[in-house]
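Here the structure comes first, spelled out in structure tokens, and everything after it is commentary.
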Amino acid sequence: MPARRRVSKNDLRAAERYDAAPFVPASRSLATLRAASRGCRGCPLFIPATQTVFGEGPKTATIVLVGEEPGDVEDRKDAVFVGPAGRVLDEALEKAGLGRPAVYLTNAVKHFKFEERGKRRLHKKPGAREIEACRPWLGAELDAIRPTVVVCLGATAANSIGRFADLGRAGVVRTIHPSAALRAPERKQRHSLRARLVRDLRRAKRLAEAGG
Ligand code: URA
């Protein structure tokens with residue numbers, strides 16, 4: 001279990017405002033944004049999490065994929081989609097003819113939210129306040145990249161993206177979260193969810209090629 005960090009009164013006060021905006025620099029450099037995100041205290045999720053897990057991928061990506069929040073593996077490794085859901089996503093990206101290096105991958109919420117059960121850390125869905133608090137980071141990433149297509153992986157991403165008044169020229173594709181294809185109880189369902197993910201990613205690729 002990663003060690004708990006000490007939290008100052010100032011950090012706590014900032015976190016209780018549920019707003020990451022004061023921590024987001026006015027920059028379109030992904031490296032600058034990523035570095036600043038390390039110090040985000042825009043909501044209380046930073047306290048138990050190991051670190052901020054920022055998005056990854058080229059600034060020139062025409063497609064941005066947005067997930068929900070980092071999972072247990074991502075929180076420890078400081079990388080997006082590198083756990084079981086990431087394997088489903090990688091396979092779907094490959095089948096859709098979209099290698100991971102071609103896309104920018106991020107999450108609506110940049111810290112892992114979990115509940116401790118003994119030595120295990122069980123994923124908890126981010127709440128509306130946490131999603132809203134973290135939106136300035138997603139906005140800054142979209143502003144830096146200006147993608148042609150934004151793919152929402154699941155409801156949390158769709159919810160966060162849907163609240164942006166201006167996505168520029170970007171088209172939006174909504175699809176399932178890859179973990180849904182892991183959790184479905186029946187093999188047939190899991191298969192059809194994986195197929196849907198591939199179909200939607202192919203649609204995103206075609207849209208991006210057509211310019212949005
Ligand atoms: N699930 C997500 O939504 N994002 C990740 O980075 C990993 C799992």
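Note: hydrogens, waters and symmetry copies are ignored here, and every other heavy atom, side chains too, is used. Indexing begins at 1, ligand by ligand and atom by atom, following the structure's order. Owing to the predicted nature of the structure, the values given are computational and were not obtained by experimental measurement.
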Short N/O distance, under 3.5 Å, between Phe81 and ligand 1?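 Yes - when backbone and side-chain N and O of Phe81 are compared with those of ligand 1, one distance drops under 3.5 Å.
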Using distance alone, determine whether Glu74 and ligand 1 share an N or O pair under 3.5 Å.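 No, there is no polar N/O contact under 3.5 Å.
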Quick one: look at Glu69 and ligand 1, take heavy-atom pairs under 4.0 Å, and tell me if it's side chain, backbone, both or neither.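 The answer is the backbone of Glu69.
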Under 4.0 Å from a heavy atom of [X]: give me the atoms of ligand 1 that qualify, with their elements.
| X | result |
| --- | --- |
| His177 | 1 (N), 2 (C), 3 (O) |
| Gly67 | 3 (O) |
| Glu68 | 2 (C), 3 (O) |

Run through His123, Lys110, Glu74 and flag the one making a side-chain contact (heavy atoms from CB on, under 4.5 Å) with Glu69.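 With Glu69 as partner, His123, Lys110, Glu74 yield a single side-chain contact (heavy atoms from CB on, under 4.5 Å), made by His123.
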Just wondering, are more than 12 heavy atoms of other shown residues or ligands nearer than 6.0 Å to NZ in Lys77?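 Counting neighbours around NZ of Lys77, 12 or fewer heavy atoms of other residues, nucleotides or ligands fall under 6.0 Å, so no.
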Just wondering, more than 12 heavy atoms not from Arg100 lying within 6.0 Å of its CZ?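 Yes.
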Measuring only between side-chain heavy atoms, which start at C-beta, is Tyr18 closer than 4.5 Å to Pro44?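 The answer is yes, as the side chains (C-beta and beyond) meet within the 4.5 Å cut-off.
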Atom 4 (N) of ligand 1 [closest protein heavy-atom partner, distance rounded to 0.1 Å]: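 It is Asn107 OD1, 2.7 Å.
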Taking Val80's backbone N and O only, do any of them form a donor-acceptor pair with Glu56's side chain (distance below 3.5 Å, no angle check)?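 Here the side-chain-to-backbone pair exists.
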Under 3.5 Å: donor-acceptor pair, side chain of Arg120, backbone of Glu115: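 Here the side-chain-to-backbone pair does not exist.
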